[in-house]
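See structure below.
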There are 2 protein chains.
Amino acid sequence: MSFNDTSSRKITIADVAALAGVSRAIASRALSPEERPVSAEKKARVLAAAEQLGFKPNLIARSLKSRTLNLVAVVVNHIHDFSDLVLFDRLIAAIQDTGKQVVLLRVGSLDRVEEFLRNGVAWHVDAALVFSDFADAATVRTMFRNDRVVMLNGMRDANAPSIVADEATPIAAAVAHARARGKTRAVLVTGRQTSPVEQARIAAYRAALAAQGLALLAEHVGDYSYESGRSLSAAVLREGPEAAIFATADAMAMGVIDAGRADIARKPGDWAFYGFDALPLARSEAYPISSIGYDLEAYIARVIEHLRQPELFERPAGVITIPGSFMPHPSCGGPAAFERWPAEG
Amino acid sequence: MSFNDTSSRKITIADVAALAGVSRAIASRALSPEERPVSAEKKARVLAAAEQLGFKPNLIARSLKSRTLNLVAVVVNHIHDFSDLVLFDRLIAAIQDTGKQVVLLRVGSLDRVEEFLRNGVAWHVDAALVFSDFADAATVRTMFRNDRVVMLNGMRDANAPSIVADEATPIAAAVAHARARGKTRAVLVTGRQTSPVEQARIAAYRAALAAQGLALLAEHVGDYSYESGRSLSAAVLREGPEAAIFATADAMAMGVIDAGRADIARKPGDWAFYGFDALPLARSEAYPISSIGYDLEAYIARVIEHLRQPELFERPAGVITIPGSFMPHPSCGGPAAFERWPAEG
DNA sequence: CTGTTAGCGCCTTCAC
DNA sequence: GTGAAGGCGCTAACAG
C-alpha cells in the first residue's frame, strides 16, 4: 500500500518486542491501555522502543480479537433542518469525548441499506443511534447485527431504549398561551406525517386544541423546511389573524411569515405564530414566533450514558423522557431575545 | 459477545465450506467478487450453503489483509454554519454512493487529536477530506498515516489536492454592484480570521474595494454566526446607509439586520447588505442581502472524483478552482426569490 | 511476572 | 481445479 504509511515498512509489535528484547506478549501488555502484568522495567523498555520506532498499533488486527472498533453509528434520514446543526454538533462532540468515533450513515437516499451496511465498518459498531425512521428497532438490530440500538426517532420497542422529548406538555402550554391571547381557532402546519415524532406532535396538538376549546380549521402538510412554509403560506394565512398558527418547525413558520408578509400587513391584528425547535432566529425581531424546545444537554447525556454503560442495553429502560418547554416570543411575554432559555441549561 | 450477533454464533467461511463439502480456500474463491478458479458445480454448492447459513464475510478479517475498510474521514472543526447543512448532507450522500462510509471527525474540541485518531478506525481510512484548518496537509498526512488527503479548508500543499471556490470574482462583482448603487464607502464584517478561506476573502474584499475606489471604513470580527452579527450590529450600522456592508456570511448579515432594525428604520436610505453562502433565507423578504455562492454540485463532484480515482493523489492537481457567483437580492436586481441560482445548476 | 502457543476470519501462495 | 498451510498483527490462554 504505497499510499498508506509514508514510512518504508510497517512497524509491528514484533519489531518493538525485538528491539526491547522481550516477547511479543510482553510488548502487547506494556502497550495496552489497560493495566496488565508487566514489570515496570520492561514496560519502560517497551515504551521507549515503541517511541523510537514510531510504532502505531494496528487497530484492525486488534479488533479482530477484541471485536470492537470503538465506533458508534449515527443513523439519519438526512441532514436537513436548522435544528440538526446544534444537535449533531453537540452529539458528535459528546460521543468523541467517550473515546469513540462516529460513522454517520445517511440512509435517506439508500435503497439497499442492508447491503450497504454489510459492506462497511458500520457493520461492526458498538452501538447505533437511530434518528431515522427507516426501520423499526428489531430491523435495525438485525441490520447491524447488534442489540445495542438507541431509538431517537420516536419509535418504541420493548428491547431497545428510546429517548424522546416530552412535547405534549409544552404543546398544551402553547395552546393555552394562544387561548390567553383570545384565539379560539387554529391552523396546523405539519411536517412529514410518516414520522412517529410528527404523529405524536399532531396528536398532542389535536388533543390540546380540543381540550382548550380551540377549533382546528385546517391542517397543512409541509416537510419542516423553510421553503415548504413559504409554499403553504397563502393557504395557512387565509383564516386571518383570528386563528393561531401552529407549525411543527420554526423554519416552516418562518417561511409562512416571509412569503405572507403582504397578507399579514393587509390584515393587521394580533397574528399568533407558534413553532418548534427554539431556533435563535425564531426569537428574533424578524419572526414573532413562540417556540417549543427541549433540554438538549439532558437529552445528549442520556444517549451518552448508554455508550458508557453498555449494560443498560440488557434491561432497556423503555421510553426515557426529556423535559420540553414552551417559550413565548419576546414580543408576547417571553424573555428578551437571546437570553438563555431554561431548557438550554 | 452477547450484544453482537443476535443469532447464536457467528457463521464463518469454514462453516460454509463444511456444509458445501469443500475446502475453505474453495469457499473463499467461490465467494470472491472477482473471478477465481473454481468449478461451476462447487461454486454453486458454496453459494447455496452461504445463502442457507446466512453467511456474511467479516469485514475486519478481510481488511487485515486487504488494508482497506472502505472508509472516508470528513474532518471538520465543528458543524455550525447554516451553509454546513446542505454541504454535508450532499457530500455524505455522494460519498456513500461510491460505496464508502463516512467517519465524521469533529476536531474543534479535541486537544489530543493525534492520539484520538490513532485509537480509532479513522486511522485506517482510504482518504481524508479536510475542512478543518487544525493542521496543514503534511501534518494531516502524518496523523492519518495516509497520503490521500484532500484539503478543502483553503490550505495549499504541493503534495495534496486542494479544492476551493473562486470567490475573488464574485467579490469583485459584489463590490461593483455596490458601486453601481452609488456607494463609495464600505464596512467589512469578517469571520474567524485564522482561517485561510477567510483570509482570502478579506484580501479579495480589500483589493476589490481599493480597485473600485470604495473607502473601507471599518472591519469588524465575528465568527460567521447569526449571534455574532447581532452583537456587532450597532458598530456596523454606525456609518449609516452611505456605506455598503459586506459580511463574509449571510448569517452575520442577518444578525446585523435583526439587531439593528430600529437603527435602520431611523436612518432610511438605500441600505446595502452583502453576504456569503447564498442561503435561501438571505433571498427572502425578511433580509435584503445580496449573496455569494458557488457551484456546489461541481465542488462535490471534484471531491468524489478523488475517491473514485485514487491515482489522482499520485500527481496532485494543485489547487482546483470551482466557479463562484454573485447573486443580487431580488429587491435590487436579482432574480425573484427562490428561483434557482445559476450556481445551483 | 514471563514467554510460548494458539487462534480471531479471511485470503493467498504453493504444491498437487 | 483443488486443498493444505501459512500469515495479516494482535492478544488471550496457558504454562513456566
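Residue numbers start from 1 in every chain, and the chains themselves are labelled A, B, ... in the order their sequence lines are given, proteins ahead of strands. FYI, side chains are in, hydrogens and waters are out, and symmetry mates aren't considered; it's all heavy atoms of this structure.
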Quiz prompt | Carboxylate-amine/guanidinium proximity below 4.0 Å for A/Lys10 and A/Asp15 | solution = no
Exercise. For the pair A/Arg302 and A/Glu305, find out whether any cationic side-chain nitrogen is under 4.0 Å from an anionic carboxylate oxygen.
Key: yes
Quiz item: Roughly how many Å is it from CG in A/Asp15 to P in D/dC8, rounded to a whole number?
Solution: 11 Å
Quiz item: Under a 4.0 Å N-O cut-off, is there an ion pair linking A/Arg148 with A/Asp126?
Solution: no
Exercise. Give a yes or no on whether a donor-acceptor pair under 3.5 Å exists between the nucleobase atoms of D/dG3, that is its base, and the side chain of B/Arg36.
Key: no
Quiz prompt | Side chain to side chain, B/Ile95 and B/Val74, heavy atoms closer than 4.5 Å | solution = yes
Practice problem: Specify the separation, in whole Å, of atom CG of A/Leu69 and atom P of D/dC10. | Solution: 15 Å
Quiz item: the helix from C/dC1-D/dG16 to C/dC16-D/dG1: angle between its terminal axes, five pairs each, to 10°?
Solution: 40°
Quiz prompt | 5' precedence on DNA chain D between A/Arg29 and B/Lys65 (nearest-nucleotide basis) | solution = B/Lys65
Practice problem: Nearest-nucleotide wise, let me know which of A/Ala25 and A/Leu64 is further upstream toward the 5' end of DNA chain C. | Solution: A/Ala25
Quiz prompt | Nearest-nucleotide comparison on DNA chain D, the residue closer to the 5′ end among B/Gly21 and B/Ala61 | solution = B/Gly21
Quiz item: Which whole-number value in Å describes the distance from B/Arg62 CZ to D/dG7 C1'?
Solution: 17 Å
Quiz prompt | Ring centroid separation B/Phe131 to B/Phe88 under 6.0 Å | solution = yes
Self-check item: Side-chain (B/Ser162) to main-chain (B/Leu152) donor-acceptor, under 3.5 angstrom
Solution: no
Quiz prompt | side chain to side chain donor-acceptor pair (under 3.5 Å) partner of B/Asn77, the single match among B/Ser132, B/Ser109, B/Ser195 | solution = B/Ser132
Exercise. Name the first nucleotide and the last nucleotide along DNA chain C (5' to 3') that come under 4.0 Å of a heavy atom in chain A.
Key: C/dC1 to C/dG9
Self-check item: Summary of side chain to side chain donor-acceptor pair (under 3.5 Å) pairs that have at least one residue in residues 42-54 of chain A, sequence neighbours excluded
Solution: A/Glu41-A/Arg45
Quiz prompt | Value in whole Å for how far the P atom of D/dT2 lies from CD1 of B/Ile26 | solution = 5 Å
Exercise. Take atom CZ of B/Arg45 and atom C1' of D/dT2, then tell me their distance rounded to the nearest Å.
Key: 12 Å
Exercise. Measure the distance from CH2 on B/Trp123 to P on D/dG9 and round it to the nearest whole Å.
Key: 15 Å
Quiz item: Going by heavy atoms in the side chains, are B/Val149 and B/Phe313 under 4.5 Å from each other?
Solution: no
Exercise. Using a heavy-atom cut-off of under 4.0 Å over every strand shown, decide if B/Ser39 touches base, sugar-phosphate, or nothing.
Key: sugar-phosphate
